[in-house]
Amino acid sequence: MNKPLEWKELWDAMDANPDQWIPTTEKMYWDMLEVVPPIKMLGQNFLVGEANDHNEKGEAVYACFTKYGDTYKAKHLTVSEFKNHFVPLKGWV
């Protein structure tokens with residue numbers, strides 16, 4: 001999956017491949033960052049401010065977007081998954 005996806009194609013790919021980071025576009029990254037304030041943000045990584053769903057433990061699941069250089073990706077994460085993924089890299093504030 002190399003083609004950056006947006007909107008329905010992106011959400012469908014995130015649902016179908018929950019363990020993978022899905023390539024997306026710079027435009028999608030900024031659209032999601034600006035739609036509502038992020039629930040969590042660390043560097044260029046953020047959770048969209050409204051949950052998409054809840055997991056089997058009842059935890060809210062958010063769309064997470066990340067930017068590394070010119071590469072943009074997205075994946076569904078809980079707040080604790082976000083912390084576990086990004087905190088070891090940069091520290092939690």
Next item on the list: Give a yes or no on whether V61 and V35 share a hydrophobic cluster (residues Ile, Leu, Val, Met, Phe, Trp, Tyr; joining criterion: side-chain heavy atoms under 4.5 Å apart).
Entry: no
Notebook entry, point to check: Roughly how far apart are N17 CG and I22 CD1, rounded to 0.5 Å?
Noted result: 4.5 Å
Next item on the list: Enter the distance from T66:OG1 to F82:CZ here, rounded to the nearest 0.5 Å.
Entry: 8.0 Å
Next item on the list: Evaluate the side-chain proximity of P23 to L5: yes if any heavy-atom separation is below 4.5 Å, no if none is.
Entry: no
Check: So how far is it from H85 NE2 to C64 SG, rounded to the nearest 0.5 Å?
Finding: 7.5 Å
Note to self: Quick check for you: to the nearest 0.5 Å, what is the distance between K75 atom NZ and N45 atom CG?
What the structure shows: 12.5 Å
Margin query: Tell me every residue that passes side-chain hydrogen bond (donor to acceptor under 3.5 Å, both in side chains) with K57, counting only those two or more places apart in sequence or in another chain.
Written below: none
Checklist line | For F46, ring-ring contact (aromatic ring centres under 6.0 Å, His included) partners two or more places apart | finding: Y29, F65
Margin query: Please report the interatomic distance CG(D70) to CD(E26), rounded to the nearest 0.5 Å.
Written below: 7.5 Å
Notebook entry, point to check: Which heavy atom in P4 sits nearest to a heavy atom in T25, and how many Å separate them?
Noted result: CB-CG2, 3.7 Å
Next item on the list: Determine which pairs satisfy salt bridge (Lys or Arg N to Asp or Glu O under 4.0 Å) with at least one residue from residues 28-38, sequence neighbours left out, and list them in order.
Entry: K27-D31
Notebook entry, point to check: Does some side-chain heavy atom of Y72 sit less than 4.5 Å from a side-chain heavy atom of M32?
Noted result: no
Checklist line | Minimal non-hydrogen separation, V48 against Y62, with atom names | finding: O-CD2, 3.1 Å
Check: To the nearest 0.5 Å, what is the distance between CG (D53) and OG1 (T78)?
Finding: 12.5 Å
Notebook entry, point to check: Between W7 and W11, what is the ring plane arrangement, given parallel below 30°, perpendicular above 60°, and tilted in between?
Noted result: perpendicular
Item checked: Results of side-chain hydrogen bond (donor to acceptor under 3.5 Å, both in side chains) for T71 - residues two or more places apart only -> none
Checklist line | Contacts of E9 that satisfy side-chain hydrogen bond (donor to acceptor under 3.5 Å, both in side chains) - sequence neighbours left out | finding: none
Checklist line | For D15, side-chain hydrogen bond (donor to acceptor under 3.5 Å, both in side chains) partners two or more places apart | finding: H76
Check: Under the criterion side chain to side chain contact (heavy atoms under 4.5 Å, CB included), which of M41, M28, K67, Q44 is the partner of L33?
Finding: M41
